[in-house]
Structures are given as structure tokens and as C-alpha cells.
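Lettering follows sequence order; numbering is per chain, from 1. Every value quoted in this text rests on a predicted model; they were computed, and no experiment measured them.
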Number of protein chains: 2
Amino acid sequence: MRIGELAAVSGLSVHTIRYYERIGLMPVASRNGSGHRSYAPQTLAWIEFLGRLKTTGMPISEMLRYAELRERGVDSEAERQALLMMHRKAVRARVAELMECLDVLDAKIAGYGEHPTIKAQQ
Amino acid sequence: MRIGELAAVSGLSVHTIRYYERIGLMPVASRNGSGHRSYAPQTLAWIEFLGRLKTTGMPISEMLRYAELRERGVDSEAERQALLMMHRKAVRARVAELMECLDVLDAKIAGYGEHPTIKAQQ
DNA sequence: CTACAACTTTGAGTGCGCTCTAAGTCAAGA
DNA sequence: TCTTGACTTAGAGCGCACTCAAAGTTGTAG
């Protein structure tokens with residue numbers, strides 16, 4: 001799989017894939033005869049997982065930490081698991097925070113269109 | 001209330017408060033005799049609401065739209081309500097997205113430390 | 001009166017995560 | 001052979017949301 005195809009199936013841009021490789025988020029890709037990057041199909045799964053980390057607000061610096069542990073192989077699994085557990089905790093907190101904000105939004109939305117006396121209390 | 005005190009109680013920096021005024025997120029503050037900004041206590045409630053919008057991922061451009069409607073007064077309430085309803089929808093979607101990612105994280109975390117055969121399926 | 005903190009302005013700088021440009025190489029179809 | 005398009009590199013540029021710097025003014029405590 002060449003970089004253009006990987007970009008198409010992953011939704012990342014070619015630029016972004018090369019950027020991810022440059023900063024260490026993706027392993028240095030092997031090359032075909034003409035120097036073009038060549039990707040194994042599993043690469044897509046890695047990109048998708050990175051996407052989950054990104055969606056959940058993990059900064060690149062921390063993804064990088066995870067990627068480095070992954071490169072180190074099987075003996076880093078406990079550390080990777082710990083890192084993900086910390087992140088899960090942060091995501092759960094974020095969800096709770098958003099739900100609290102949703103309550104505030106609900107109240108504000110309900111407030112519009114009410115009796116002026118009640119409205120004034122907003 | 002002067003800007004330093006407002007910064008202390010709101011958690012924003014003095015720089016940020018002036019920045020918010022400059023871009024239109026906050027009304028131009030009235031001044032005391034010596035040209036210093038003077039704030040009414042209700043200003044804090046506005047900053048806190050802006051904080052909710054920010055926490056829930058609303059970009060400044062959209063907060064600006066809301067702030068402008070607010071400046072326009074009572075006749076913009078329907079529009080403000082509509083804007084907040086759109087935003088609430090987006091926040092709900094974001095919560096759903098995060099919860100989906102939490103499932104993926106749970107599976108990944110559970111996968112570490114399992115039997116090698118099962119682990120290989122990750 | 002002096003020192004010092006808190007304020008004022010304009011405008012530049014920062015960190016993040018891309019995103020694009022320029023200049024060049026390579027492979028395949030008309 | 002020519003053209004087209006996908007690829008390569010190094011490095012510059014961008015949008016967002018601040019954040020800070022410089023130079024100056026004002027208010028108050030000792």
C-alpha cells in the first residue's frame with residue numbers, strides 16, 4: 001500500500017502521514033524500489049487507534065510516549081496499559097464535565113421564552 | 001471591581017480578560033476616574049458562562065456570535081436560544097463519541113495481560 | 001516624597017497540530 | 001518520446017487561543 005492509498009482509506013492527508021512519521025507517531029515506513037513508502041495493511045489499525053486517542057483529547061506528546069513504548073515491544077505492555085488507564089480516567093472526567101455543562105445549557109435554553117420574572121434570574 | 005480582582009475570582013488572567021474585550025467577547029468595560037476598567041459583579045456570571053461554552057468546545061468565533069446577539073438585547077433571544085440548541089446537539093454528539101472511544105479503550109486495556117492467543121487478535 | 005503595585009496601550013511572540021510550497025524523481029499510458 | 005500524476009525532501013506558513021513585552025500612568029502605604 002502506498003501513501004496515497006493509505007491516506008484515502010485512513011482519512012488522514014498524505015502530508016499528515018509523513019508528519020506523523022517524522023515526529024515518531026508512526027514507525028519509519030519501509031520503501032519500495034523507487035524510494036516510495038510501502039505500508040502493511042495493519043498500519044490502518046494503528047492510525048485508527050491514534051485517531052481514537054486524538055478524538056479523546058490526548059496530546060501528541062502523550063501519543064508519542066505510547067508509540068515509543070509500542071516500538072519497544074512486548075515488554076512495555078504493562079506501561080502501555082497503565083498509560084491507557086490514566087487516559088481513560090481523564091476521558092471519563094471529561095465526559096462528566098461535558099454532562100455537567102449540558103445541564104447548564106439545558107437550563108439556559110429552557111430559560112429563554114419563560115416569564116420575564118423567571119427570566120431575570122438567569 | 002477592577003480587572004485584577006475579576007481575574008482572581010474568575011480564574012482568567014488579566015491578559016485574557018483584556019483580550020476577550022478586545023475581540024468582542026466581553027462588553028467594553030466602563031472606566032473609573034483614572035481610566036481603569038471597572039466591572040459589575042454580574043460580569044463574573046458572564047465569564048463563567050463563556051467558560052462553559054469554551055469547555056464544551058465552542059470556538060471563539062461562535063461565542064462571538066452569541067456575545068453579539070446578547071449585546072443586541074431582548075429581541076435576539078430566539079436566535080440565542082437556537083444557537084445554544086445547536087451547540088447542545090453538538091455537545092451531545094461529542095459525549096456519544098467519547099463514550100464510544102471509552103469502549104475501545106476498555107477493550108484495549110482488557111486485552112493487555114490476557115492469553116497470548118487472544119492478545120494477538122488485538 | 002518615595003517606592004511599589006496595579007493599571008493602561010499597541011503589538012509581538014508562543015505552542016499546538018497540522019498544512020502547504022518548492023523543487024525534484026519516478027512509472028506508466030497515449 | 002511526452003505527459004501526467006504519484007511520489008520524494010526540507011523547510012516555511014497557518015489558524016487558534018492565548019500570553020507576554022515594552023513603555024508609560026495612576027493610587028496608596030510608609
Side-chain angles (χ1 to χ4, degrees), chain A residues 1-40 43-44 46-68 87 90 94 97 101, chain B residues 1-40 43-44 46-68 87 90 94 97 101:
Chain A
M1 208 199 268
R2 285 182 306 175
I3 196 169
E5 195 182 343
L6 182 61
V9 297
S10 70
L12 294 184
S13 74
V14 169
H15 290 305
T16 301
I17 293 172
R18 281 195 287 250
Y19 166 70
Y20 278 5
E21 178 181 316
R22 197 161 68 226
I23 65 174
L25 260 195
M26 290 177 56
V28 174
S30 57
R31 305 305 175 105
N32 67 13
S34 47
H36 295 182
R37 288 173 181 79
S38 174
Y39 293 98
T43 311
L44 182 59
W46 174 236
I47 288 182
E48 280 167 356
F49 186 64
L50 285 179
R52 296 287 185 175
L53 296 181
K54 184 186 149 163
T55 294
T56 49
M58 185 185 282
I60 282 188
S61 56
E62 202 175 341
M63 288 193 227
L64 219 47
R65 170 110 188 89
Y66 185 84
E68 278 155 9
H87 183 57
R94 176 81 179 128
E97 181 181 52
C101 286
Chain B
M1 207 197 264
R2 284 182 308 173
I3 195 168
E5 196 183 343
L6 182 61
V9 296
S10 71
L12 294 184
S13 74
V14 169
H15 290 307
T16 302
I17 293 173
R18 280 195 287 250
Y19 166 70
Y20 278 4
E21 178 182 316
R22 198 160 68 225
I23 65 174
L25 259 194
M26 289 178 56
V28 174
S30 57
R31 305 305 175 106
N32 66 15
S34 50
H36 294 183
R37 287 172 181 80
S38 174
Y39 293 98
T43 311
L44 182 57
W46 175 236
I47 288 182
E48 280 167 354
F49 186 65
L50 284 178
R52 296 289 185 173
L53 296 181
K54 184 186 148 161
T55 294
T56 49
M58 184 184 282
I60 281 188
S61 56
E62 202 175 343
M63 288 193 228
L64 219 47
R65 170 107 187 92
Y66 185 84
E68 279 156 9
H87 183 58
R94 175 83 180 127
E97 182 182 50
C101 286

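- For the atom pair NE2 of A:H87 and CZ of A:R94, the computed distance is 11.5 Å after rounding to the nearest 0.5 Å.
- Dashed line: the shortest gap from a side-chain N or O of A:S34 to OP1 or OP2 of C:dA27 is under 4.0 Å.
- At a threshold of 4.0 angstrom between heavy atoms, the contacts of A:R22 include nucleobase atoms, whether or not backbone atoms are also involved.
- Nucleic acid contact for B:R18: base, since at least one base atom lies under 4.0 Å from a heavy atom of the residue.
- With the nearest nucleotide of DNA chain D identified for both B:M63 and B:H36, B:M63 has the one nearer the 5' end.
- Side-chain contact between B:T43 and B:M1 is absent, with no heavy-atom pair separated by less than 4.5 Å.
- As judged by a 4.0 angstrom heavy-atom cut-off over every strand, B:R37 is placed among residues touching the sugar-phosphate backbone only.
- When distances are taken from the side chain of B:H15 to each of C:dT9, C:dG17, D:dC20, the shortest belongs to D:dC20.
- Residue contacts for A:I23: at a heavy-atom cut-off of 4.0 Å it reaches no nucleic acid atom on any strand shown.
- With distances taken from any side-chain atom of A:Y19 to the nucleotides C:dT19, C:dA6, D:dT8, the minimum falls on C:dT19.
- When the side-chain nitrogen and oxygen atoms of B:Y20 are compared with OP1 and OP2 of D:dC18, one or more of them lie within a distance under 4.0 Å.
- Between A:S10 and A:I47 the shortest heavy-atom distance is CB-CG2, 3.8 Å.
- Ring geometry for B:Y66 against B:F49 counts as tilted: the plane angle lies between 30° and 60°, on a 0 to 90° scale.
- Each of B:S61 and A:E5 was assigned the nucleotide of DNA chain D with the nearest heavy atom; the assignment lying further toward the 5' end belongs to A:E5.
- Both A:I60 and B:V14 lie near DNA chain C, and the one whose nearest nucleotide falls closer to the 5' end is B:V14.
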